[in-house]
Number of protein chains: 2
Amino acid sequence: MGKLKKMKVHIADDHQILIDGIKAVLKTESDIEVDGCSVNGEEVLEWFKTHKTDVLILDINMPKIDGIKVLQRLKKRDFQPLVIVLSSYDDIKLVKEVMKIGAKGFLAKKCAGEHIAEAIKTVYNGGQYFSESIQDKIVTSFSGVDQSKIGNQDGAFFSSLTEREKEILTMIAQEYSTREISEQLFITINTVETHRKNLIKKLKVKNAVGLAVYAHKNQLI
Amino acid sequence: MGKLKKMKVHIADDHQILIDGIKAVLKTESDIEVDGCSVNGEEVLEWFKTHKTDVLILDINMPKIDGIKVLQRLKKRDFQPLVIVLSSYDDIKLVKEVMKIGAKGFLAKKCAGEHIAEAIKTVYNGGQYFSESIQDKIVTSFSGVDQSKIGNQDGAFFSSLTEREKEILTMIAQEYSTREISEQLFITINTVETHRKNLIKKLKVKNAVGLAVYAHKNQLI
DNA sequence: AACCGTCTAACGGTTTTCCGTGATATTTAA
DNA sequence: TTAAATATCACGGAAAACCGTTAGACGGTT
């Protein structure tokens with residue numbers, strides 16, 4: 001194609017080793033340039049205050065501010081990069097949620113590295129990209145999706161948790177009792193219980209066991 | 001240096017994208033050759049039945065058979081590769097555990113990609129390698145570690161469970177309440193509670209949350 | 001027959017979780 | 001500077017989990 005301008009890409013993932021890996025993979029692509037990297041959501045938001053990088057490869061599970069929240073906040077700004085979400089957990093509900101918030105692509109981490117460049121080029125040219133493992137699921141489930149209301153309760157399965165909630169979730173999943181948590185965090189039992197209640201509601205689970213399983217599935221422990 | 005023989009490396013991680021990344025990073029190393037890859041523990045064990053690859057980069061969180069188990073089983077065989085454990089969770093307890101079972105190195109996923117080659121070369125030459133984030137912790141906590149008993153009751157817990165207990169454990173981990181379990185299995189609540197009590201004692205956990213995490217770690221759900 | 005492991009069951013009491021609801025201060029985003 | 005999100009705390013009541021202990025029934029072993 002002989003483009004004059006290289007596509008600029010920003011990579012966000014809390015695993016530096018993965019970032020370096022993707023960078024190495026993309027090095028062979030002459031029309032792609034890795035412009036910057038972030039290891040947490042805060043850094044991503046900071047970066048896009050001063051840069052207009054074309055494509056953002058965005059991991060969901062990140063410290064400080066997770067991918068979902070980053071996506072939501074970027075949406076409200078003037079400049080928005082094309083976002084390809086990266087996740088180890090290729091659940092269709094998650095895919096739907098991030099697409100609603102405006103992501104242009106979804107890559108499961110279990111997909112082959114060669115697809116990254118493919119995905120970047122596709123979304124750069126106005127398309128959408130999904131890794132194979134979820135392509136067929138989407139066709140059947142994306143018919144009749146209400147594109148309006150964003151971040152509402154029905155997609156809230158994966159809606160982002162606050163830092164405090166994650167902290168408490170992690171402790172619950174490590175078998176700490178409410179009392180123990182309250183003592184360690186220097187807050188009252190009442191507060192911890194409120195957080196637990198909110199967690200159960202947000203994650204749509206039944207009890208602390210559900211929270212623990214969620215935490216484990218999402219590598220929070 | 002001019003080695004005639006390249007160091008052969010096998011990479012095991014459930015995220016293909018990370019494998020491809022590491023491969024790309026290692027491509028610049030003239031004396032390292034990636035010999036094969038696995039995306040789950042089963043594949044790793046299968047590979048080492050027929051290959052004598054020098055170094056194994058082993059992820060902990062993998063489907064089917066997790067990294068710890070792979071390590072334990074490899075230990076019982078004639079040929080043992082040098083193992084560098086890869087984990088997103090750089091907890092000192094985990095480090096100690098895998099080193100006890102015979103790992104030669106530990107890389108946190110948040111470390112820089114350039115350290116992989118470094119780690120491989122170090123263990124290949126008989127050394128041990130730890131990523132920076134944990135180096136200092138080790139010095140202070142490795143004094144007086146009992147190097148004896150390996151593959152002890154930690155892994156034997158599971159086999160000591162009866163069929164009924166496993167059945168109930170699975171249900172607890174799926175958020176069923178005691179009442180629901182009793183109804184589904186046509187036994188009284190008292191009986192289910194007795195089983196739960198026995199499970200907690202056998203698996204040395206504190207509560208149902210611990211049971212759920214255990215069940216999840218052992219792929220019972 | 002005596003023994004062991006498993007599954008079943010019961011009981012009383014304590015602790016913890018769960019649920020709804022409402023409220024206030026602080027921080028942060030627009 | 002509003003408005004929204006977040007973190008904090010309270011209370012009352014219902015439900016469930018947790019704890020220790022005991023014990024009958026059944027099947028298989030030695």
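Naming convention: chains lettered A, B, ... in sequence-line order (proteins, then strands); numbering from 1 in each chain.
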Roughly, in whole Å, what's the span from [atom1] in [X] to [atom2] in [N]?
X: A/Ile172; N: D/dA17; atom1: CD1; atom2: P; answer: 16 Å
X: B/Glu163; N: C/dC7; atom1: CD; atom2: C1'; answer: 13 Å
X: B/Ile181; N: D/dA16; atom1: CD1; atom2: C1'; answer: 12 Å
X: A/Gln72; N: C/dT28; atom1: CD; atom2: P; answer: 18 Å
X: B/Leu185; N: C/dT8; atom1: CG; atom2: C1'; answer: 12 Å
X: B/Glu165; N: C/dG5; atom1: CD; atom2: C1'; answer: 11 Å
X: B/Asn198; N: D/dA17; atom1: CG; atom2: C1'; answer: 15 Å
X: B/Glu167; N: C/dC7; atom1: CD; atom2: C1'; answer: 12 Å

Phosphate OP1/OP2 of [N] contacted by [X] side-chain N/O (<4.0 Å):
X: B/His195; N: C/dT8; value: yes
X: B/Asn190; N: C/dA10; value: yes
X: B/Thr188; N: C/dA10; value: yes
X: B/Thr191; N: C/dT8; value: no

**Report entry** Modelled atom types, side-chain donor and acceptor of A/Thr53 and A/Trp47, under 3.5 Å
**Finding:** yes

Query raised in the report: At how many degrees, to 10°, do the end axes of the helix from C/dA1-D/dT30 to C/dA30-D/dT1 meet when each uses five pairs?
Result: 50°

Query raised in the report: What pairs with A/Lys206 under salt bridge (Lys or Arg N to Asp or Glu O under 4.0 Å), at least two apart in sequence or on another chain?
Result: B/Glu180

Requested in this report: Go through the structure and list residues passing salt bridge (Lys or Arg N to Asp or Glu O under 4.0 Å) with A/Glu29, not counting sequence neighbours.
Outcome: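 With neighbours one apart ignored, the set is A/Lys121.
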
Requested in this report: Sequence neighbours left out, what passes side chain to side chain contact (heavy atoms under 4.5 Å, CB included) with A/Lys201? Give chain and number order.
Outcome: none

Query raised in the report: For B/Asn207, what residues pass the side chain to side chain contact (heavy atoms under 4.5 Å, CB included) criterion, not counting sequence neighbours?
Result: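 B/Asn207 satisfies side chain to side chain contact (heavy atoms under 4.5 Å, CB included) with A/Glu175, B/Val209 once adjacent residues are dropped.
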
What's touching nucleotides 15-21 of chain C from the protein side, N or O pairs under 3.5 Å?
residue: C/dT17; atom: OP1; partner: A/Thr178; partner atom: N; Å: 3.4
residue: C/dT17; atom: OP2; partner: A/Thr178; partner atom: N; Å: 3.3
residue: C/dT17; atom: OP2; partner: A/Thr178; partner atom: OG1; Å: 2.4
residue: C/dC18; atom: OP1; partner: A/Ala208; partner atom: N; Å: 2.9
residue: C/dC18; atom: OP2; partner: A/Arg196; partner atom: NH1; Å: 3.0
residue: C/dG20; atom: N7; partner: A/Lys197; partner atom: NZ; Å: 3.3
residue: C/dG20; atom: O6; partner: A/Lys197; partner atom: NZ; Å: 2.7
residue: C/dT21; atom: O4; partner: A/Lys197; partner atom: NZ; Å: 3.3

Query raised in the report: Heavy-atom count around A/Lys104 NZ within 6.0 Å, excluding the residue itself: above 12?
Result: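 Atom NZ in A/Lys104 is not crowded, with 12 or fewer foreign heavy atoms closer than 6.0 Å.
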
Report task. Decide yes or no on ring pair (Phe, Tyr, Trp, His ring centres under 6.0 Å) for A/Phe79 and A/His51, but give the supporting numbers first. Result -> CA-CA 9 Å; A/Phe79 173 79; A/His51 296 78; over 10 Å; no

Query raised in the report: With A/Thr178, which of A/Glu193, A/Glu183, A/Arg196 fulfils side-chain hydrogen bond (donor to acceptor under 3.5 Å, both in side chains)?
Result: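 Between A/Thr178 and the candidates, side-chain hydrogen bond (donor to acceptor under 3.5 Å, both in side chains) is satisfied uniquely by A/Arg196.
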
Query raised in the report: Between A/Lys6 and A/Asp35, is there a side-chain N and carboxylate O pair less than 4.0 Å apart?
Result: no

